[in-house]
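Bear in mind the structure is a predicted one, so any value in this text is a computation, not a measurement. Atoms considered below: every heavy atom in the structure, side chains included; atoms not considered: hydrogens, waters and symmetry mates.
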Amino acid sequence: MSLNCIILDDYQNVALSLADWTSLEPVVHTTALTRHYDNQDALVHHLEHADILVVMRERTPLTAQLIGRLPNLKLVVTSGMRNASIDLHACAERYIAVCGTGSSSAAPMELCWGLLINLARHIQTESHALRHNGPWQQTVGSGLHGKTLGLVGLGKIGAAMAKVAQAFGMRVCAWSQNLTEARAAECGAERMPSLHALLSVSDFVSLHLVLSERTRHLIDAAALAQMKPGALLINTSRAGIVDQPAMIAALQSGQLAGAGLDVFEQEPLPADHPLRLLPNVLATPHLGYVADSNYRTYFTQAVEDIAGWVKGAPLRSLL
């Protein structure tokens, strides 16, 4: 009798074509769900016979309640090696193995620059006007050369952001709770003494922190009020780092000139959410890691993880 493997949230219907899932047959039979299910009863209907789940970070949470309703589940494979939406304790109690795959930070860094440049130069606004016979030029964009990029977090992605900013001729400032002078100098950035100091001088602020209790709502109403007039906020990290109601209020009042967003507290974003409607918001549906190179890595290594688990080999375990 074969094992049932189900790939969740295959929005683009590409998972089965990006790796050789047939190599797992006849031991493992794999199917993909292209629709996202918010309703747990509907989700359980599709997953109740699953022995293996392949999940994407931040799409369908594997809560203790959901795991408790999947009696056959034995293995979970996630994209990347960190997934806060999987209840690892519940998996451990059920002896469910949890493992991950490699992931590149290049794709989210590239999208971050795409949002920043698009927002700064009003590309979406001007393109829409051109396609719909609107005004021929209606905005004056903000150039990057000579401007200041403030990086909140200077890890792998933040460091790559700094390198690109330098190529544009920008001044780069950085701050985080544990940032050292040596790390800042290594990345070609100026270490700021406080978040307030960074926000007050930055024309563009980009967030690159892990969400934790220490960083949740780090960018609150008081922090937003400290930003320069005309400054833009870019968040491709985690929505919870920013106080969402405070950000929306600042965008509505014009206190914050604009925001480029790829992450949201609820995903998919509800149809009537104000972030879908505000004209000074450029939003993408959590596309940071969604690139051909990352997808091939995720699904190829997922196949490898499953094959290794079937054979009893050591896993890239999250537990």
Side-chain angles (χ1 to χ4, degrees), residues 1-103 266-270 285-287 289-290 292 294-319:
M1 185 175 178
S2 66
L3 298 167
N4 292 313
C5 173
I6 300 178
I7 305 168
L8 273 66
D9 300 309
D10 181 17
Y11 297 151
Q12 298 91 351
N13 194 20
V14 295
L16 295 177
S17 66
L18 290 176
D20 185 11
W21 298 91
T22 62
S23 66
L24 299 173
E25 296 177 351
V27 179
V28 178
H29 175 68
T30 305
T31 56
L33 300 180
T34 58
R35 176 183 168 187
H36 178 78
Y37 292 92
D38 288 320
N39 181 279
Q40 189 176 104
D41 290 337
L43 184 60
V44 169
H45 172 74
H46 289 279
L47 302 184
E48 59 186 344
H49 299 299
D51 300 285
I52 303 166
L53 293 180
V54 177
V55 301
M56 282 282 195
R57 289 173 58 180
E58 290 85 40
R59 292 190 182 174
T60 295
L62 296 187
T63 62
Q65 185 181 36
L66 176 60
I67 290 165
R69 298 180 66 183
L70 304 178
N72 296 330
L73 187 60
K74 303 173 184 67
L75 173 67
V76 175
V77 184
T78 177
S79 60
M81 287 300 297
R82 183 170 56 212
N83 191 334
S85 62
I86 299 174
D87 190 321
L88 297 178
H89 179 72
C91 288
E93 284 191 331
R94 280 268 309 278
Y95 299 99
I96 298 168
V98 184
C99 59
T101 72
S103 184
Q266 183 179 352
E267 298 182 5
L269 197 63
H286 207 148
L287 296 177
Y289 58 82
V290 181
D292 53 358
N294 263 344
Y295 265 39
R296 287 193 183 93
T297 297
Y298 296 158
F299 296 123
T300 298
Q301 292 191 8
V303 170
E304 294 171 358
D305 285 340
I306 295 167
W309 175 77
V310 167
K311 296 174 183 177
L315 296 174
R316 291 178 275 250
S317 178
L318 272 67
L319 291 174

**OP:** Measure the spacing between NE2 of H46 and CD1 of I6 and express it to the nearest 0.5 Å.
**Re:** 9.0 Å

Original post:
Near H36 NE2, under 6.0 Å, is it more than 12 heavy atoms from other residues, nucleotides or ligands?
Top reply: yes

Subject >> Residue pair T60, V55: steps toward the side chain to side chain contact (heavy atoms under 4.5 Å, CB included) verdict >> reply: CA-CA 7 Å; T60 295; V55 301; 5.9 Å; no

Original post:
Short question: side chain of N4, backbone of D51 - any donor-acceptor pair under 3.5 Å?
Top reply: no

Original post:
How many angstroms lie between atom CD of Q65 and atom CG of L70, to the nearest 0.5 angstrom?
Top reply: 11.0 Å

Original post:
If we only count heavy atoms from C-beta on, is the L16 to I7 side-chain gap below 4.5 Å?
Top reply: yes

Subject >> Residue pair T30, V54: steps toward the side chain to side chain contact (heavy atoms under 4.5 Å, CB included) verdict >> reply: CA-CA 10 Å; T30 305; V54 177; over 6 Å; no

**OP:** Answer yes or no: are there more than 12 heavy-atom neighbours, outside R69 itself, under 6.0 Å from its atom CZ?
**Re:** yes

Subject >> Pairwise side-chain contact, L66 with V44, heavy-atom cut-off 4.5 Å (strictly under) >> reply: yes

Original post:
With side chains defined as the heavy atoms from C-beta onward, is the minimum distance between T63 and Q40 less than 4.5 Å?
Top reply: yes

Subject >> Test item: Y295 and Q12 side chains (from C-beta on) under 4.5 Å apart, heavy atoms >> reply: yes

**OP:** Kindly say whether T34 contributes a backbone atom to a donor-acceptor pair with the side chain of N13 at under 3.5 angstrom?
**Re:** no

Original post:
Going through the distances and angles, do V14 and D10 end up as a side chain to side chain contact (heavy atoms under 4.5 Å, CB included)?
Top reply: CA-CA 7 Å; V14 295; D10 181 17; 4.0 Å; yes

Original post:
Roughly how far, to the nearest 0.5 Å, is CG of L8 from CG of L47?
Top reply: 5.0 Å

Original post:
So, for G308 and L315, which heavy atoms are closest and what is the spacing to 0.1 Å?
Top reply: C-CD2, 4.5 Å

Subject >> Point-to-point distance, once rounded to the nearest 0.5 Å, from OG1 of T297 to OH of Y289 >> reply: 14.0 Å

Subject >> Student check: side-chain heavy atoms of W309 and L3 closer than 4.5 Å >> reply: yes

**OP:** Would you mind checking if R57 and D9 are paired as a salt bridge, meaning a charged N to carboxylate O distance below 4.0 Å?
**Re:** no

Original post:
Do Y37 and H45 pass the side chain to side chain contact (heavy atoms under 4.5 Å, CB included) test, and can you show the C-alpha distance, the side-chain angles, and the key distance before you say yes or no?
Top reply: CA-CA 10 Å; Y37 292 92; H45 172 74; over 6 Å; no

Original post:
When you measure from the side chain of W21 to the backbone N and O of F299, does any donor-acceptor pair fall under 3.5 Å?
Top reply: no

Original post:
What is the distance from atom SG of C91 to atom CD1 of I96, rounded to the nearest 0.5 Å?
Top reply: 4.5 Å

Subject >> Expected output: side-chain T101 to main-chain G80 donor-acceptor under 3.5 Å >> reply: yes

Original post:
Once you round to the nearest 0.5 Å, how far does CE of M81 lie from CG of L318?
Top reply: 4.5 Å

Subject >> H286 vs R59 side-chain heavy atoms within contact, under 4.5 Å >> reply: no

Original post:
Would a 4.5 Å heavy-atom cut-off, applied to side chains only, mark I306 and C5 as touching?
Top reply: yes

